[in-house]
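Here the structure is laid out as structure tokens; the discussion comes afterwards.
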Amino acid sequence: MKIGIIKERKNPPDRRVVLSPKECKRLLKKYENLSIKVESSDNRFFTNEDYKIEGIEVVDNVSDCDVLLGVKEVPIEYLIPNKKYFFFSHTIKKQPYNRKLLQAILAKNIELYDHEVIVNEKGQRLVAFGRYAGIVGAYNGFRTYGLKFNLFKLPKAEELHDQLMLIHELQKIKLPAIKVLLTGKGRVGNGAKEMLKGMVMKKVTINEFLTKTFEEPVYVQIDVLDYNSRKDGQLKDQNDFFINPTEYKSNFLRFAKVADLFIAGHFYGDGAPYLFTRDDAKSKEFHIKVVADISCDIDGPVASTIRSSTIADPIYGYNPLTEQEVDFKDKNAIAVMAVDNLPCELPKDASEGFGESFSKNVIPAFFNNDENGVLLRARMTQNGKLTERFSYLQNYVDGK
């Protein structure tokens with residue numbers, strides 16, 4: 001079994017990697033029939049030397065490996081035919097910009113396993129960077145707040161080494177008595193919550209958040225049934241919301257009337273109500289002045305997110321009255337941080353965490369005949385065709 005860790009070639013370059021040097025070393029100890037080669041790269045967080053120190057072979061060519069591991073999409077011209085590839089292909093939602101990539105994968109007889117569809121029997125994801133998106137997104141939210149109101153200047157997350165350093169920076173700042181609203185209780189939302197706990201910010205109940213005034217900064221973490229209610233007034237469980245999202249309406253505005261900073265770490269499903277619309281944001285009662293939109297759905301459930309932003313230029317302003325982009329420091333603007341590749345700013349922690357779950361959940365499948373069906377569920381293409389599970393992409397591949 002020969003694994004190759006490929007160089008990330010998508011622009012801008014991603015500094016993350018599927019397996020860190022120490023993770024590679026652990027795997028080689030555990031599986032005697034395994035060999036790992038690392039394609040030489042000058043832009044990943046872990047250097048060629050870091051791998052060599054752990055006894056991992058660094059090469060210029062990984063074409064003799066069976067399985068090739070990457071993070072982002074592989075440019076078409078670098079795809080090696082007849083190989084097994086793991087990377088985020090961004091094709092499972094029929095993304096138009098990657099249609100040619102999927103066509104090329106099929107033409108080159110590549111077996112594609114997309115990290116996003118590595119799931120267990122219940123359909124829960126087994127490997128993901130969501131926690132790190134939450135960690136960086138929360139940090140960037142406070143950085144944006146400081147810049148918007150000229151209160152403090154935090155360094156960019158990418159200039160810091162790991163999560164502990166981010167928390168250390170947040171502990172130094174002096175915040176006014178603001179109310180911070182956090183949506184989502186999955187990987188992303190809980191990653192963001194780690195940062196709020198690290199700052200030792202006071203957590204309050206929904207009722208306290210909505211009705212009380214505080215003399216210190218506070219936060220509340222809410223889930224879908226806290227900001228949506230059934231149109232018919234019935235009280236049902238979360239499962240009902242996921243099955244019948246169109247039966248619900250948003251009651252997010254009760255939070256928007258009192259919150260200062262909104263950290264959006266929720267997952268948004270098709271058919272669910274928008275949290276707030278452009279009309280909602282026009283209301284004189286709409287109080288949110290900074291949005292850290294980690295979920296980053298463009299022109300979607302968070303109306304102020306009119307485009308994604310970049311690590312290089314992470315903040316823009318949204319004027320609710322004109323619905324146009326403006327300077328984020330403008331007094332009428334909502335400052336929006338909507339970077340869509342946040343884990344790239346924390347490449348060390350993100351790579352180590354991702355690698356641990358990949359080693360635990362995916363690597364054993366190569367040695368136990370895929371007894372839990374992990375590879376079977378994640379395999380998108382085989383023998384030049386889409387697998388049955390992904391046959392819904394056929395029209396997309398055909399350009400229909």
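Computed from a prediction, not measured in an experiment: that's the story for all the values here. We number each residue from 1, following the sequence as shown.
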Answer whether the closest heavy-atom distance between the side chains of [X] and [Y] falls below 4.5 Å.
X	Y	value
Leu196	Phe142	yes
Ile110	Asn82	no
Met195	Leu170	yes
Thr91	Arg99	no
Leu34	Leu27	yes

For the hydrophobic clusters of this structure (ILVMFWY residues joined by side-chain heavy atoms under 4.5 Å, transitively), does one cluster hold both [X] and [Y]?
X	Y	answer
Leu126	Phe267	no
Ile311	Ile135	yes
Leu261	Tyr318	no
Phe87	Ile5	no
Leu106	Ile92	yes

Ignoring hydrogens and geometry, is there a side-chain-to-backbone donor-acceptor pair from [X] to [Y] under 3.5 Å?
X	Y	answer
Arg379	Glu111	no
Asn383	Lys385	no
Glu39	Lys7	yes
Asn120	Gly123	yes
Arg377	Asn372	yes
Asp240	Lys236	no
Asp370	Val374	yes
Asn319	Glu323	no
Asp66	Lys2	yes
Ser250	Asn228	no

Do Phe358 and Phe86 have ring centres separated by under 6.0 Å? yes
Distance to the ring centre below 6.0 angstrom and angle to the axis at most 45 degrees; does that hold for Arg16 and Phe129?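 Yes, Arg16 and Phe129 form such a contact.
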Row check, Phe45 ring normal vs Arg15 NZ/CZ: under 6.0 Å, within 45°: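 Not flagged: Arg15 not positioned over aromatic ring of Phe45.
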With rounding to the nearest 0.5 angstrom, report the [atom1] to [atom2] distance, [X] to [Y].
X	Y	atom1	atom2	answer
Lys10	Asn341	NZ	CG	8.5 Å
Thr183	His266	OG1	NE2	5.0 Å
Lys185	Gln238	NZ	CD	8.5 Å

Check the pair Asn43 / Glu8 against side chain to side chain donor-acceptor pair (under 3.5 Å), numbers first and verdict last. CA-CA 8 Å; Asn43 58 25; Glu8 296 293 325; over 6 Å; no
Kindly determine whether Leu28 and Ile56 satisfy side chain to side chain contact (heavy atoms under 4.5 Å, CB included), including the steps that lead there. CA-CA 9 Å; Leu28 291 172; Ile56 313 301; 3.6 Å; yes
With sequence neighbours left out, which residue pairs that include part of residues 233-260 fulfil the ring-ring contact (aromatic ring centres under 6.0 Å, His included) condition? Phe241-Tyr248, Phe252-Phe262, Phe252-Phe276
Does [X] have more than 12 heavy atoms from other residues, nucleotides or ligands lying within 6.0 Å of its [atom1]?
X	atom1	result
Glu285	CD	no
Glu215	CD	no
Glu388	CD	no
Asp60	CG	no

Derivation and outcome, side chain to side chain donor-acceptor pair (under 3.5 Å), residues Gln234 and Asp232: CA-CA 6 Å; Gln234 288 186 59; Asp232 61 11; 2.9 Å; yes
Minimum heavy-atom distance Leu154-Tyr139, with the two atoms named: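 Distance-wise, the nearest heavy atoms are CB-OH, 3.6 Å.
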Nearest non-hydrogen partners of Gly384 and Asn109, listed with the distance: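 Heavy atoms only, the tightest pair is N-OD1, 3.1 Å.
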Side-chain donor-acceptor pairs of residues 172-181 under 3.5 Å, sequence neighbours excluded:
unit_1, atom_1, unit_2, atom_2, d
Lys172, NZ, Glu169, OE2, 3.2
Lys179, NZ, Phe209, O, 2.6
Lys179, NZ, Lys212, O, 2.6

Please assess His90 against Asp114 for the test side chain to side chain contact (heavy atoms under 4.5 Å, CB included), listing each intermediate value before the final yes or no. CA-CA 8 Å; His90 298 114; Asp114 192 307; over 6 Å; no
Worked check of side chain to side chain donor-acceptor pair (under 3.5 Å) between Thr47 and Asp50: CA-CA 5 Å; Thr47 63; Asp50 291 336; 3.2 Å; yes
Distance-only criterion, 3.5 Å: show the donor-acceptor pairs between side-chain atoms of residues 342-355 and protein atoms not counting sequence neighbours.
unit_1, atom_1, unit_2, atom_2, d
Glu345, OE1, Glu158, N, 3.4
Glu345, OE2, Asn140, ND2, 3.1
Lys348, NZ, Glu352, OE1, 3.3
Asp349, OD2, Gln163, N, 2.8
Ser351, OG, Val17, N, 3.0
Ser351, OG, Val17, O, 3.4
Ser351, OG, Pro347, O, 2.7

Between Glu73 and Tyr97, is a side chain to side chain contact (heavy atoms under 4.5 Å, CB included) present by the stated rule, with each step listed? CA-CA 11 Å; Glu73 301 99 313; Tyr97 56 90; 4.2 Å; yes
Do [X] and [Y] have a side chain donor and acceptor closer than 3.5 Å?
X	Y	result
Ser63	Asn61	yes
Glu208	Thr205	yes
Asp280	Thr277	yes

Residues forming a ring pair (Phe, Tyr, Trp, His ring centres under 6.0 Å) with Tyr31, sequence neighbours excluded: Phe367
Just to verify, what does Phe149 make a ring pair (Phe, Tyr, Trp, His ring centres under 6.0 Å) with, not counting sequence neighbours?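 Phe149 satisfies ring pair (Phe, Tyr, Trp, His ring centres under 6.0 Å) with Tyr145 only.
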Let me see the working for Arg125 and Glu116 under side chain to side chain contact (heavy atoms under 4.5 Å, CB included), right down to the final yes or no. CA-CA 7 Å; Arg125 286 182 65 180; Glu116 207 170 334; 3.7 Å; yes
Residue pairs involving residues 304-317 (criterion side-chain hydrogen bond (donor to acceptor under 3.5 Å, both in side chains); sequence neighbours excluded):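 Every pair satisfying side-chain hydrogen bond (donor to acceptor under 3.5 Å, both in side chains) with a residue in residues 304-317: Asp293-Thr305, Arg307-Glu325.
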Which is it for Ser391 and Gln394 under the side chain to side chain donor-acceptor pair (under 3.5 Å) test, yes or no, and what are the steps along the way? CA-CA 6 Å; Ser391 57; Gln394 192 60 57; over 6 Å; no
salt_bridge(Glu194, Lys197) N-O dist < 4.0 Å: no
